[in-house]
Amino acid sequence: MEITIIQLFNGLSVSSILLLIALGLAITFGLMNVINMAHGELIMIGAYSTYLTQTIFSSYLPSSMFNAYFILAIPISFMIAFAFGLLLEGTLIRFLYGRPLDSLLATWGIALMLQQLARTIFGAPNVAVKSPAWLDGGLKLMDGVVLPYKRLFIIGLVALTLIIMFFYIYRSNAGRRMRAVMQNRDMAACLGISTRRVDAMTFAIGSGIAGIAGCALTLIGPIGPALGTYYIVDAFMVVVLGGVGKLIGTIFGALGIGLTNTMFEYWTTASLGKVLVFLCIVAFLQWRPKGLVAMKTRALD
Amino acid sequence: MKRNRPWKFAVCAVVLCVVLAGCGSGGGAGGKGTNKPASSGSSETGGDTAAPGDGDVIKVGILHSLSGTMSISEVSVKDSELMAIQEINAKGGVLGKQLVPVMEDGASDWPTFAEKARKLISENKVVTVFGGWTSASRKAMLPVFEELNGLLWYPVQYEGLEASPNIFYTGATTNQQIVPAVSWLLENRGKRFFLLGSDYVFPQTANKIIKEQLKAEGGELAGEEYTPLGHTDYSTMIAKIQKAKPDVIFNTLNGDSNVAFFKQLKDAGISASDITTLSVSVAEEEIRGIGVDVLQGHLAAWNYYQTTDTEANQAFVDHYKKAYGKDRVTADPIEAGYIAVYLWAAAVEKAGTTEVGAVKEAAKGLELDAPGGKVKIDGDNQHLYKTVRIGEVQADGQFKELWNSGEPVKPDPYLKDYAWAASLSTP
Amino acid sequence: MRERSWTAQRIYMLIGYAAAAAALFCAPLYLSDFRLNLLAKFLAFAIVALGLDLIWGYTGILSLGHGVFFGLGAYAMAMYLKLEASGDKLPDFMGWSGLANLPWFWKPFESFWFAAAAGIAIPALLALVLGFFTFRNRIKGVYFTILTQALVIITTTLFIGQQALTGGTNGLTGFTTVLGYPIGSPDTKRMLFWVTGAVLLAVYLMCRYIVGSRLGKVLRAIRDGENRARFIGYNPASYQIFVFVVSAALAGIGGMLFVLHVGIISPSMMAIVPSIEMVLWVAIGGRGTLIGAAAGAVLLNYAKSSFSESYPDAWLFFLGGLFVVVVVFLPKGAVGLLGKIKWPKRRRTGHEQQVRHSAV
């Protein structure tokens, strides 16, 4: 019984982490059709921003304020990744619209360089981020069932990000422009929307969300130059499984992978579980090539 | 399409010739018997490129991953090896000649290790190589060293079951780390063991040994799990551990996975006082990346800690910090790489030559007061006699030694002296 | 288009061929054993690049899973070499992993010829199965690419996890002889070099034949407009499956030769990074030109081994930067660049458009 509850919670938690790393990708890949292999490195940038925030707090501010650093680290990570996204879009991605496979290769080159850059700046070894005291420990449901606050926090953070994104995309003028450009670029341009600016903003927001993901991941995982490589393939799987172009699909994709992964891992071994999950994804895509929630379109190509 | 072909051809022919010529000039006539120095742009820190034997320098190779995932660990070992070389040079070198390190990057890729090892021996003509970290990189280099009769000094604890005549193993083998650690845990911490490791050769072999030992010494196996390299979510694994209710987790996870595991273990409300975790791949360096707060109270088994109280160690730590910065720490493999250079130098002095056969012969029984205590080269299997130490992580990120073996333990890579291991050793 | 006369261009071409072939086959004369071994390895990579060019450059399908096919071929050969090195005993890693007997599927690999055949057939078969389902379901473009990445993850995780059967992360190494000849001796290495050169030449000619034939035109038609090709009456799926299988088989051949030269294969060689690097060779050399792909593989690997010797830290910057510049600004790679500089006018004949369409 306890194990079932814990495993359900773990499944939910893994799904929330997957969703967080895939959300940014769902925007850049799903809406803009840019395959950003450097997405993992944007996550890494978010994680290192958190590390920097922590270091600044612990060396320049009174120790009583240390516990507040993490709240500040979230927007800082977002902003830094956002800035990197803008830079990346302005210098590289804008040459690659309409060439998704080329964008994959070029951004992979960027990913390599960013990894090496992190190694040069912060050194090859991992750095440690001390999580704030108020996230230590867990919520005790019953005997033997403890839900760690960090995982609850991440679930909450994902929910919040989702809500903000929903309002931004579907309820704001900027979001309306974004959707217009993604759906019919030429028409949007004719109506006076600056497509260049919308492209840049969209990509930067996707990058910024990757930064938030990086910030959250410092709570539970390693922070090193190779951080992005651990998550990038999973993130793509989530987006593709969910169906490109629909945020709701990404949510289902993350839930699907997160829950099955946890189950398989519990029943078999971690390695076999991973293999089984990926086999399921491959099989599922054979059955529904467009993913769980497909965009309805009449276009052939 | 067709019309452009000839140009392409001409161009490609030229390109090909350039490449070949490049290869040719790069290689010199190195392999053709002449003794012309081959210096194809390797980073020879000394800047001098004379071949061994002529002139007043001796070239030694250093082959670690300076890029890729393993650079996390290997860069520090490279640093300490360079430091040892500098120290020896400052004291007048070996046989009156200065040592010149030739560095190569294994790039965390095993075939690259094999390729670079071959290059160091046959092109750069180094007399010995210090390098490697993962077992896979050692296994990849081993055939090269045996074929070309080179000499490799391998500085990391490993899973045993190997004794190549061309390799000196300055890290611990199983009976100098894992076996005594298991015995100690059985005596002091409890009988139920949960074995957790990354899914590769070292953990699997180590756990096989541990399982035999548990059977023989009255322990109990609560569970055995492996996670893929680079695995970052341990929630399910921790659920399995909670269900198994072990006294001890024997942790052979590798690299980054340790960070995720320990952070999530703490979040799940399991502290060192609930279940003891003993790690064999977490040293001072790794603690810095994991965070002391989550590791405090957990155990590790090594042959050396930065806090180890020997005269040689004080000098070693001082030098290391002076050379590379106050915030750097020393650790077992760093020490093993450092003493490897000294042991080799001593063997060369004793042999009076850098020739591999003579050096190996001279190395037999060689003793050294290493930072980690007295070590001695075992002539039969070219491993070191080393002192086993079990330590506990303290709040400052250093280890407090809880137990040591008192005297250096004779290396036994095939565990021949342990009756229960009879089924394991197939030399 | 297909004039048979001895025009000046044809003569240029033949001279180019002859010079390249001569330079290649005389390499043992002026290269040290070590450098020769490196070159041989690069030539094995060039074979993989040719296969990858067929599917990416000519058919417009980007596979990031060729590391798997390469690895399967390499493992087939390595299994043979390992068995030969072990003699009557079990391969060493099986002993450590607690196996008492040789697994059944290892047994046939005692024969060199079986191993060589399997090194081609197994990757081809896997490609056939995957391609059959994938292309018939009209999975294409990005989806296919990501699917091949999933294939990579599955295969590497399996190979690492099944240590008793595959050698785990260590892979297979410690070989002694091939067909009775010592694998490390300079004579054998020279022989292997020539074999690799000959195979590369044969593969190149085969690819040229495929590309020049009607089949090749259909492939390009599929690349430039899959649905148009379908409406004309071709079934793109069968062509795509065919080219995927050929390409996988070539990767397998490359893998087999790689093992013979390098003497080790491990799952890290089949992982995502090497798979992407293979694509990089083609991109840099020039996709859509066979000679470009082959030269790209040789050049880039040469650059990698010489550059990383001197600047291990800067190497990744260089590689990443090269990747970005080539993909974004030089879609035709080095070959395209050379053409652009020297003969700007000749290039204007509908060639440029093709490049733009080659991206899906």
Side-chain angles (χ1 to χ4, degrees), chain A residues 2-7 9-14 17-18 115-116 119 123-131 133 135-138 140 144-151 217-227 229-231 234 258 261-267 269-275, chain B residues 65-76 108 196-200 224-240 242-243 245 255-270 285-295 325 327-329 397:
Chain A
E2 290 101 47
I3 289 294
T4 323
I5 296 175
I6 289 183
Q7 276 311 93
F9 176 76
N10 284 342
L12 197 65
S13 168
V14 172
I17 293 162
L18 284 173
Q115 279 175 33
Q116 194 58 32
R119 212 167 269 137
N126 287 327
V127 295
V129 168
K130 194 174 183 307
S131 48
L135 281 176
D136 284 343
K140 198 167 178 184
V145 182
V146 179
L147 310 184
Y149 287 132
K150 282 175 194 160
R151 288 182 180 271
L217 284 174
T218 59
L219 292 176
I220 55 166
I223 304 115
L227 166 66
T229 54
Y230 300 137
Y231 297 103
D234 289 351
N261 198 354
T262 325
M263 279 189 325
F264 282 141
E265 193 178 324
Y266 187 72
W267 287 330
T269 66
S271 298
L272 203 57
K274 192 171 165 192
V275 169
Chain B
S65 297
L66 309 179
S67 60
T69 49
M70 288 314 298
S71 62
I72 291 178
S73 312
E74 292 189 53
V75 169
S76 304
S108 312
L196 175 66
S198 293
D199 205 350
Y200 74 110
E224 181 184 5
E225 290 288 343
Y226 300 96
T227 60
L229 289 162
H231 195 64
T232 49
D233 200 291
Y234 281 86
S235 51
T236 303
M237 227 21 97
I238 290 166
K240 284 188 184 182
Q242 281 171 323
K243 198 177 163 208
K245 297 194 171 55
D256 286 1
S257 292
N258 276 311
V259 187
F261 171 67
F262 279 109
K263 280 187 177 176
Q264 293 167 25
L265 188 71
K266 191 190 172 203
D267 288 343
I270 300 173
E285 279 252 304
E286 283 75 22
I287 294 176
R288 290 197 305 168
I290 300 174
V292 183
D293 53 328
V294 295
L295 268 178
D327 56 332
R328 292 282 289 267
V329 291

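Letters go in sequence order (proteins before strands), and every chain restarts at 1. If you're wondering where the values come from, they're calculated on a predicted model, not measured in any experiment.
- The candidate from A/A270, A/P222, A/P125, A/A226 with the greatest count of non-hydrogen atom pairs under 4.5 Å with chain B is A/P222.
- Heavy-atom distances place the side chain of A/I17, and not its backbone, under 4.5 Å from chain B.
- Judged by distance alone, the side chain of B/K263 and the main-chain N or O of A/T218 form a donor-acceptor pair under 3.5 Å.
- B/K266 contributes atom NZ, which lies 4.0 Å from atom CG of A/D136 (distance to the nearest 0.5 angstrom).
- Between A/Y230 and the options B/D256, B/T232, B/D233, a side-chain hydrogen bond (donor to acceptor under 3.5 Å, both in side chains) holds for only B/D256.
- In this structure, NZ in B/K243 is found 9.5 Å from CD in A/Q7, a value given to the nearest 0.5 Å.
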Inset, instruction - Apply the test side chain to side chain contact (heavy atoms under 4.5 Å, CB included) to residues A/K150 and B/Q264: give CA-CA distance (whole Å), side-chain angles for both, the deciding distance (0.1 Å), then the verdict. - result: CA-CA 9 Å; A/K150 282 175 194 160; B/Q264 293 167 25; over 6 Å; no
Inset, instruction - Could you check A/K130 against B/V292 for side chain to side chain contact (heavy atoms under 4.5 Å, CB included), going step by step and ending with a plain yes or no? - result: CA-CA 9 Å; A/K130 194 174 183 307; B/V292 183; over 6 Å; no
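- Atoms CD1 and CD1, from B/I290 and A/I223 in turn, are 11.0 Å apart once rounded to the nearest 0.5 Å.
- Chain B forms the most heavy-atom pairs under 4.5 Å with one residue out of A/P148, A/G137, A/G123, A/S271, and that residue is A/S271.
- Separating the CD1 atom in A/I220 from the CG atom in B/D267 is a distance of 8.5 Å, to the nearest 0.5 Å.
- Contact record, B/A239 with A/I6: CB-CG2, 4.0 Å, taken as the closest heavy-atom pair.
- Counting heavy-atom pairs closer than 4.5 Å to chain A, the top-ranked of the candidates B/M237, B/E285, B/E74 is B/M237.
- Only the side chain of A/Y231 comes within contact range of chain B, judged by heavy atoms closer than 4.5 Å.
- You'll find the side chain of B/T227 stays beyond 4.5 Å of the side chain of A/K274, heavy atoms only.
- Heavy-atom minimum distance, A/T269 versus B/K240: CA-NZ, 4.4 Å.
- Counting heavy-atom pairs closer than 4.5 Å to chain B, the top-ranked of the candidates A/V146, A/L219, A/V129 is A/L219.
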